[in-house]
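What's counted below: heavy atoms across the whole structure, side chains too, no hydrogens, waters or symmetry copies.
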Amino acid sequence: GVSIEYDPATKTMEMRQDGLIERCIEALGLDSDQSNPMSRPSSGDPLPRDSEGEPASGEFNYASVVGMMMYLAGHTRPDIAYAVN
């Protein structure tokens, strides 16, 4: 589900969908502990690796992962909408 956190010091609210994001990571065969949330494809950093240290492969249900990402983009992560579409 969606969690909403309010920070009274900065008077900001944050919506999160950690469960669905974890499911996306799992569906891609990546390990969330090893992923780097700040890396970008254009940064020149190496591609993410799975739990055995192998490069991430395309052996996943593409339609399912894209559907999850589109749901995230439409509900809590509009910042990824351009990349997902």
Side-chain angles (χ1 to χ4, degrees):
V2 177
S3 65
I4 300 173
E5 298 174 11
Y6 176 70
D7 183 2
T10 60
K11 296 182 181 177
T12 59
M13 294 183 83
E14 182 179 89
M15 291 179 64
R16 301 177 63 100
Q17 282 190 301
D18 294 333
L20 185 56
I21 293 170
E22 289 296 323
R23 283 183 35 212
C24 288
I25 291 170
E26 184 178 307
L28 289 167
L30 299 173
D31 184 0
S32 61
D33 294 332
Q34 294 177 347
S35 65
N36 181 0
M38 299 306 290
S39 67
R40 292 165 186 71
S42 62
S43 69
D45 294 337
L47 293 173
R49 299 192 175 269
D50 65 11
S51 58
E52 285 94 38
E54 296 295 320
S57 66
E59 299 173 16
F60 56 88
N61 185 337
Y62 183 80
S64 176
V65 172
V66 169
M68 287 187 271
M69 299 299 285
M70 289 180 70
Y71 181 86
L72 283 169
H75 291 85
T76 56
R77 293 294 308 268
D79 58 317
I80 67 169
Y82 184 77
V84 172
N85 287 321

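- Every residue two or more places apart in sequence or in another chain that forms a side chain to side chain donor-acceptor pair (under 3.5 Å) with Thr10 is listed here: Asp7, Thr12.
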Side-chain donor-acceptor pairs under 3.5 Å in residues 65-78, sequence neighbours left out?
from	atom 1	to	atom 2	distance (Å)
His75	ND1	Tyr71	O	2.9
Thr76	OG1	Gln17	OE1	3.0
Arg77	NE	Asp79	OD1	2.9
Arg77	NH2	Asp79	OD2	2.7

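- Residues passing the salt bridge (Lys or Arg N to Asp or Glu O under 4.0 Å) test with Arg23: none are found, sequence neighbours excluded.
- In this structure Tyr6 satisfies the side-chain contact (heavy atoms from CB on, under 4.5 Å) test together with Pro8, Lys11, Met13, sequence neighbours excluded.
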